[in-house]
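Inspection log for the structure reproduced underneath, given as structure tokens.
Quick caveat: nothing in here was measured; it's all calculated off a predicted structure. So you know, we letter chains A, B, ... as the sequences are listed, proteins then strands, and number each from 1.
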Amino acid sequence: MMTIKRVGIIGAGKVGIVLAGLALNAGYEVRISGSGSVEKIGLTIKTLVPGAIASENKDVVANSDIIILAIPLSRYKNIDPVLLKNKLVIDATNYWWETDGIREEVLAPDSTSSEQVQAYFKFSTIVKTFNHMGYHNLQEETHPKNDPRRKALFVTGDNQEAVTTVAEFVDTMGFDQVIHHDLADGIMTEPGSPLFGASLNYEDLKQIIDHFDQTEFGKKVAASKIKPA
Amino acid sequence: MVDINKLEFGIETFGDIVANEDGSVKSAAESIRQIIHEGEIADQYGINVIGVGEHHRPDYSVSSPETVLAAIASVTKNIKLATAVTVLSSDDPVRVYERFATLDGLSNGRAQVMLGRGSFTESFPLFGYDLTDYDDLFNEKLELYKQLQTEKDVTWSGKFRAPLKNQEVYPKTENGELETYIGIGGSPESIIRAARFGYKVILAIIGGQADRFKPYIDLYHQAAKKFNMPEYPIAVHSHGFISDNGNEAIEVAFRNIKANFDRIGLTRGWAPMSREQFDGETKNGSFYVGDPETVAQRIARTIDLLNLGRFDLVYGAGNQTVTQREHMIELFGTKVIPRVKEILTEKEAVK
């Protein structure tokens with residue numbers, strides 16, 4: 001399993017800033033980029049997450065052991081897939097109609113959003129997490145291991161080793177993990193799921209994941225062609 | 001340091017449909033008339049501002065806030081008349097300016113504009129705009145609005161509206177400028193934009209602890225310095241409900257705020273609000289719920305922590321009854337506001 005020391009975040013919005021803060025607190029070296037120049041986000045980074053290094057995408061990627069995608073889903077194609085070649089990438093995005101537009105115009109109907117992100121970044125390894133808990137809960141509810149107040153995040157991906165690495169990373173960021181090994185299972189935490197926006201402990205999160213097919217959303221997913229039908 | 005003499009307090013409503021005592025709901029028309037009466041009550045209790053939202057949905061009664069505010073103006077004397085917010089992205093800045101300048105005239109200078117991108121997006125398809133232009137629309141229209149605010153002739157061109165060449169916009173206001181805030185949900189980009197344009201800022205803190213906004217307020221001041229723009233005290237709005245009995249307040253708020261949140265969540269895909277989540281927001285987060293003392297203590301803490309110039313309480317979420325809504329406004333005006341000032345005066349004396 002690879003050792004992570006340097007964390008790169010693509011996206012300097014609400015989620016990107018929160019995750020940068022958590023990574024700094026956890027002792028990582030953090031680089032972060034916005035959609036424009038370094039100058040454009042410089043003041044934001046200096047004020048909100050002092051210690052993080054404002055960079056451009058290419059410098060974030062070149063100098064980080066793990067990359068977090070924290071951008072609106074509709075913008076992932078603005079990033080050159082070659083840039084992320086051979087990188088371990090956390091997909092923290094969600095399909096969100098109010099910023100992304102009509103689903104059919106953004107995503108193919110027969111696969112999940114993370115699978116499509118993976119298909120686009122075909123030279124990278126994608127693991128999905130950090131997408132289903134509200135950003136202010138992420139910011140406020142980090143706790144050390146074994147703390148009874150600790151919350152959990154769902155971590156899923158096709159590559160076993162990558163999932164293990166990301167789960168370990170999530171642990172250091174202050175959350176328990178419910179782990180699956182299928183990127184398509186990311187649908188279980190997308191908007192519409194009882195997990196989206198919820199802040200749950202390990203047992204409660206696992207309970208819903210284990211009985212996903214019995215949830216209203218699970219039934220809807222099963223009725224459509226989207227895996228895991 | 002908080003200037004207690006200049007501190008302002010407001011109430012805001014998004015125009016939620018009012019309930020009858022038996023749980024049935026009133027019509028949108030009845031709800032609108034109720035809001036006008038509430039504006040009158042708020043004015044009598046010395047509340048500084050009433051803000052009325054703009055929505056284009058079946059669960060809210062107000063899509064034309066200026067019209068409602070004009071009616072409130074006719075039955076009030078001192079209260080400022082604000083929107084919460086005007087969705088500038090899908091409106092015409094010239095028309096916005098004209099409507100508010102008119103409101104300002106008929107209310108003897110009490111109009112206040114609160115501009116936003118809108119957290120709801122129904123107005124985009126309704127008025128023929130594309131959601132993918134969300135950012136560009138707001139930027140462009142804000143630029144035009146900024147020019148209109150000078151009340152001089154305007155020459156302007158952009159992507160989303162016909163150009164203007166040496167055009168004057170009427171009526172002119174008596175004070176020469178409309179007081180304008182930008183309503184912000186907390187994205188760093190929005191805060192920097194407001195500072196760059198030199199606008200006042202009202203932060204919507206609708207979830208989580210107010211504490212996490214402290215660095216964002218620093219960001220506003222840093223940005224204002226960088227762009228050599230004025231630095232105004234920040235305003236905040238959050239949801240709340242006040243009742244004589246704390247437990248009763250919590251039960252009424254839970255039922256209504258949860259119903260409101262869950263209904264919106266159905267279209268936005270978020271999970272229903274749990275009791276744990278509600279209790280967390282009420283205890284340490286952004287819901288100001290309880291008896292007057294509890295709410296006053298929590299508001300005072302937020303004002304002190306964030307060094308605010310104004311605190312607005314969003315009232316009437318969900319389908320609350322006339323009695324619940326009116327009594328809340330009374331308690332806010334007669335008990336909470338004086339008590340907040342008292343607490344802050346004591347705090348300042350210790351500093």
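The pair B/E231-B/K225 meets the salt-bridge criterion, since a charged nitrogen lies less than 4.0 angstrom from a carboxylate oxygen. Classification of A/D213 and A/K219 as a salt-bridged pair fails, no side-chain N sitting under 4.0 Å from a carboxylate O. Salt bridge annotation for B/K146-B/E143: absent, with no cationic side-chain nitrogen under 4.0 angstrom from a carboxylate oxygen. For B/R117 and B/D135, the salt-bridge test passes: some basic side-chain N is under 4.0 Å from an acidic carboxylate O. Taking 4.0 Å as the cut-off between side-chain N and carboxylate O, B/E251 and B/R275 count as a salt-bridged pair. Remark: A/D204 does not engage A/K206 in a salt bridge, criterion side-chain N to carboxylate O under 4.0 Å.
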Test log, rule salt bridge (charged side-chain N to carboxylate O under 4.0 Å, His left out), inputs B/K283 and B/D279: CA-CA 6 Å; B/K283 209 172 159 210; B/D279 288 343; over 6 Å; no
Test B/K141 against B/D136 for salt bridge (charged side-chain N to carboxylate O under 4.0 Å, His left out), laying out the working first. CA-CA 8 Å; B/K141 295 193 174 198; B/D136 293 343; over 6 Å; no
Please lay out, stage by stage, how A/E190 and A/K128 fare under the test salt bridge (charged side-chain N to carboxylate O under 4.0 Å, His left out). CA-CA 11 Å; A/E190 290 281 319; A/K128 189 176 189 77; 2.8 Å; yes
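Contacts of B/E122 with chain A are absent, with no heavy-atom separation under 4.5 Å from either backbone or side chain. At a 4.5 Å heavy-atom cutoff, the contact between A/S193 and chain B is made by backbone atoms alone. Residue B/K226 touches chain A through its side chain alone, counting heavy-atom pairs closer than 4.5 Å. With a 4.5 Å cut-off on non-hydrogen atoms, B/T132 does not touch chain A at all.
In this structure, B/F287 has its ring center at least 6.0 angstrom away from the ring center of B/F241. Taking the six-membered ring where the residue is Trp, the centroids of A/Y120 and A/Y76 are separated by under 6.0 Å.
Scanning residues 141-155 of chain A against chain B with a 4.5 Å heavy-atom cutoff picks out A/K151, ordered by number. Residues of residues 17-25 of chain A lying under 4.5 angstrom from chain B, judged on non-hydrogen atoms, are A/I17 by number. Heavy-atom proximity under 4.5 angstrom to chain A picks out B/T267, B/R268, B/G269, B/W270, B/A271 from residues 263-271 of chain B.
Highest contact tally toward chain A, considering only B/T121, B/L131, B/L219, B/N284, is held by B/L219 [criterion: heavy-atom pairs under 4.5 Å]. Note on A/Q139, A/H132, A/K40, A/E140: by heavy-atom pairs under 4.5 Å with chain B, the leading option is A/E140. For the set B/A223, B/P215, B/G208, the count of heavy-atom pairs under 4.5 angstrom toward chain A peaks at B/G208.
At least one cation-pi condition fails for B/R255 and B/F278: the charged atom is not both under 6.0 angstrom from the six-membered ring centre and inside a 45 degree cone around its axis.
With contacts defined as side-chain heavy-atom distances shorter than 4.5 Å, the pair B/R212/A/Y135 qualifies.
In plain terms, the two heavy atoms of B/L88 and B/F138 that are nearest each other are CB-CE1, 4.1 Å. For the pair B/S238 and B/F311, the tightest heavy-atom approach, listed with the atom from each and the gap, is CB-CZ, 4.3 Å.
The ring-ring contact (aromatic ring centres under 6.0 Å, His included) pairs that include a residue from residues 196-219 of chain B are B/F213-B/Y216, where partners are two or more places apart or lie in different chains.
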